Amino acid sequence: MTHDPNCIFCKIVAGRIPSRKVHEDDDMLVFHDIAPWAPVHVLMIPKNHVPSHYDMTAADAPLLGKMLALAPELMRQLGVTGGFRTLINTGPDGRQEVPHFHVHVMGGPRPWAKG
Ligand code: 5GP
Ligand code: ZN
């Protein structure tokens, strides 16, 4: 497991920065975004420090599949019934701000603050 001591999401994984956790298992963590765009806005991250989607390969297919497969279940648990958006920002042109791979999952009734 790679851990970057300067990475904000690695600090969340390590419990050194608090977060509102939605789901945790051996290799992933899901928590509420601190600045939500929508009534429900969670971030799904690998516990392993992977900077961006660029760094994922075929070896990561099980993890990526697990994340996408869990998203609808978590949205239902969080009371989202009218649909949701799933978003991955990659690199500067993709407007990725936190360099630890994450999948945004946003839902809940409109209007939203953003998106
Ligand atoms: P990006 O632009 O990299 O795709 O999105 C990063 C997201 O991380 C943003 O939506 C931002 O609000 C969220 N974020 C940044 N710092 C923290 C934090 O310390 N805690 C939580 N829960 N979310 C954060
Ligand atoms: Zn990290």
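For clarity, every value in this text was computed on a predicted model and none was experimentally measured. Order of appearance sets the numbers: ligands from 1, and atoms from 1 within every ligand.
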Which N, O or S atom name in His100 marks its closest approach to the Zn ion (ligand 2)?
ND1
Close N or O approach (His104, ligand 1; < 3.5 Å):
yes
Around Arg20, counting heavy atoms of other residues, nucleotides and ligands shown, do more than 12 lie under 6.0 Å from its CZ?
no
Just jot down the ligand 1 atoms closer than 4.0 angstrom to any heavy atom of Phe31, in number order.
21 (C), 22 (N)
Rounded to the nearest 0.5 Å, what's the gap from SG on Cys10 to CD1 on Ile17? Could you check?
10.0 Å
When you measure from the Zn ion (ligand 2) to each N, O or S atom of His49, which atom gives the shortest distance?
ND1
Out of the candidates Ile12, Leu29, Val30, Val42, only one should pair with Lys21 under the side-chain contact (heavy atoms from CB on, under 4.5 Å) rule; please name it.
Leu29
What protein heavy atom sits nearest atom 22 (N) of ligand 1, and how far away is it?
His32 O, 2.9 Å
Need the ligand 1 atom indices (1-based, order shown) with element for anything under 4.0 Å from a heavy-atom of Arg95.
2 (O)
Quick one: does His102 get an N or O within less than 3.5 Å of an N or O on ligand 1?
yes
For atom 19 (O) of ligand 1, the closest protein heavy atom turns out to be Ile8 CD1, 3.6 Å
Atom 3 (O) of ligand 1: the protein heavy-atom neighbour that sits closest, reported with distance to 0.1 Å
Glu97 N, 2.6 Å
Within ligand 1, which atoms have a heavy atom of Ile12 less than 4.0 Å away?
20 (N)
Do the side chains of Val103 and Val50 join up, straight or via other hydrophobic residues, at under 4.5 Å, putting them in one cluster?
yes
Go through ligand 1 atom by atom and flag the ones less than 4.0 Å from a non-hydrogen atom of Asn89.
1 (P), 2 (O), 4 (O)
Would you check if the distance from the ring center of His104 to the ring center of His102 is below 6.0 Å?
yes
closest protein heavy atom to atom 23 (N) of ligand 1 is Ile34 N, 3.3 Å
Looking only at protein heavy atoms, what sits closest to atom 12 (O) of ligand 1 is Asp33 OD1, 2.5 Å
Taking the side chain as everything from C-beta on, heavy atoms only, tell me whether Val105 gets closer than 4.5 Å to Met44.
yes
Looking only at protein heavy atoms, what sits closest to atom 15 (C) of ligand 1 is Val98 CG2, 4.0 Å
Numbering the atoms of ligand 1 from 1, which are under 4.0 Å from a heavy atom of Ala35?
12 (O)
Answer side chain, backbone, both or neither: which part of Phe101 comes under 4.0 Å from ligand 1, heavy atoms only.
neither
Kindly say whether Met28 contributes a backbone atom to a donor-acceptor pair with the side chain of Asp25 at under 3.5 angstrom?
yes
Please answer whether the main-chain N or O of Thr2 pairs with a side-chain N or O of Asn48 as donor and acceptor at a distance below 3.5 Å.
yes
Just jot down the ligand 1 atoms closer than 4.0 angstrom to any heavy atom of Gln96, in number order.
3 (O)
Can you find a non-hydrogen atom of Trp37 under 4.0 Å from ligand 1?
no
So, for His49 and His100, is the gap between ring centers shorter than 6.0 Å?
yes
With the threshold set at under 4.0 angstrom, would you say Leu87 reaches ligand 1 through any of its heavy atoms?
no
Return yes if some donor-acceptor pair links the side-chain N/O of Arg85 with the main-chain N/O of Gly107 below 3.5 Å, else return no.
no
Could you tell me whether the side chain of Pro39 reaches within less than 4.5 Å of the side chain of Trp112, counting heavy atoms only?
yes
Please say whether His41 places an N or O atom under 3.5 Å from an N or O atom belonging to ligand 1.
no
Ring centroids only, cut at 6.0 angstrom: are Phe9 and Phe31 within range, meaning strictly under it?
yes
